[in-house]
Amino acid sequence: MKSVIYSRTGDPSVLRLVDRDVVEPGPGEVRVRILVSGVNPTDWKSRRGSGDGAAPPFPEVTPNQDGSGLVDALGEGVVDLAVGDRVWVYLAAHQRPTGTAQEYTNVPAGRVVKLPPGTSFDIGASLGVPAMTAHRALTVSEDGPERLYPGALAGKVVLVAGGAGAVGHAAIQLARWAGATVVTTISSPAKAALAAAAGAHHVINYRDEDVATAIRKPAPDGVDLVVEVAIAANAQLNIDVVKPRSSVAIYANDGGREFTLDVRQNMIKNLRYQFVLLYTVGDTALQAAVDDITLALVDDALPVGENAGLPLHRFPLANTADAHQAVQDGAVGKVLIDVPAVD
Ligand SMILES: NC(=O)c1ccc[n+]([C@@H]2O[C@H](COP(=O)([O-])OP(=O)(O)OC[C@H]3O[C@@H](n4cnc5c(N)ncnc54)[C@H](OP(=O)(O)O)[C@@H]3O)[C@@H](O)[C@H]2O)c1
């Protein structure tokens, strides 16, 4: 099979297209024939490593956590999937060398999820990191739901920072599906159009508007929950616009690794900060995300593509380095790799 690997960390040029044997799945594993591989910032950050060319955690690593395809073979003890099932996979390369940038990959069965009928492989490959992170961020507030379903966020106002980002897009879609009023910030008219297409009720350009005033219009009593990509930039804004007992779910350090908190301002709001990292959320949160995302897929609530606010950028497997570079360069939308070779 064709496989993309790296055996030292570094820039995208460390990625090599090679031929490798198809491997039998071990006990509890599923072999998936990958059709579409999804690329996320975490994939290039892992490939780059610490930047000093250090060895990766395995002699050879195939990158990319997310993907979709067909179940090809079952390891011993796997009972709830069948060969031929259409599936999406998540965390394929977490603490394993076997990501989705290859024609066949073995994944623990718990990280392989059936796609509902009618859900495309492109949607499937776009779910893992973005949608599961968004699900966690939307289910960690004191007064909010622990699970998402239609009506779960009814009466709540959710502020999604960066609504044209991949996680922001999924957060808008899930929050809207769950009944929230969704407010989002973006930095350009083009991104405003995408965030609106994703389903945001109120879209605010943080570069040329007074954001706090703009948020107060649809949310005079304040925001219940913030899904935050850039806490260093937005810490004071969040304090200014949230209700008492709200939560700020921080899933990234875009724009700064540190931020300062004013104790009194935060005390007055009884504010909660919930950090989110998909790798360590634990099995209960992962399973909740899988189950709720599956319901949302059945409701056709997580579409992708330009019309749905998430333009797709496609690369062939042989150009995985270009796909990584595109994500690294801040591509707007979703970068996907078509894995099977096209004749
Ligand atoms: N913790 C986790 O488990 C987890 C999971 C997924 C992703 N992440 C991390 O989250 C980050 C985003 O991932 P992604 O895939 O969504 O990337 P993405 O598609 O590139 O989106 C990032 C978005 O953040 C926006 N942004 C940056 N600064 C902002 C600010 N001050 N206010 C509002 N929006 C701002 C950007 O737009 P503008 O610059 O135009 O505003 C962009 O739309 C990455 O650092 C990634 O590694 C973490």
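Because only heavy atoms are used, hydrogens play no part in the values below, and waters and symmetry mates are left out as well, while side chains stay in. By convention here, the first residue in the shown sequence is residue 1. Note that ligands are numbered from 1 as they come in the structure, with each ligand's atoms numbered from 1 the same way.
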Any donor-acceptor pair under 3.5 Å linking the side-chain atoms of [Y] with those of [X]?
X	Y	result
Asp224	Ser246	no
Arg96	Gln65	no
Gln236	Asp240	yes

Task: Val39 side chain near Ile337 side chain, heavy-atom distance below 4.5 Å - done: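 Touching, per the 4.5 Å side-chain cut-off.
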
N/O to N/O under 3.5 Å, ligand 1 against protein:
residue, atom, partner, partner atom, Å
ligand 1, 1 (N), Tyr251, O, 2.8
ligand 1, 1 (N), Val276, O, 2.7
ligand 1, 3 (O), Leu278, N, 2.7
ligand 1, 16 (O), Ala166, N, 3.1
ligand 1, 16 (O), Val167, N, 2.9
ligand 1, 19 (O), Ala166, N, 2.9
ligand 1, 32 (N), Asn234, ND2, 3.4
ligand 1, 34 (N), Gly162, N, 3.3
ligand 1, 37 (O), Lys191, NZ, 3.2
ligand 1, 40 (O), Ser187, OG, 2.4
ligand 1, 40 (O), Lys191, NZ, 2.5
ligand 1, 41 (O), Tyr206, OH, 2.6
ligand 1, 43 (O), Gly165, N, 3.3
ligand 1, 45 (O), Lys45, NZ, 2.9
ligand 1, 45 (O), Asp254, OD1, 2.6
ligand 1, 47 (O), Lys45, NZ, 2.7

Open item on the list: Quick test of your reading of the model: are Arg48 and Asp11 salt-bridged, counting only N-O distances below 4.0 Å?
Closed with: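 Looking at Asp11 together with Arg48, the answer is no, because their closest N to O distance does not fall below 4.0 Å.
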
Task: Step-by-step side-chain hydrogen bond (donor to acceptor under 3.5 Å, both in side chains) determination, Thr42 to Tyr279 - done: CA-CA 10 Å; Thr42 191; Tyr279 296 127; 2.6 Å; yes

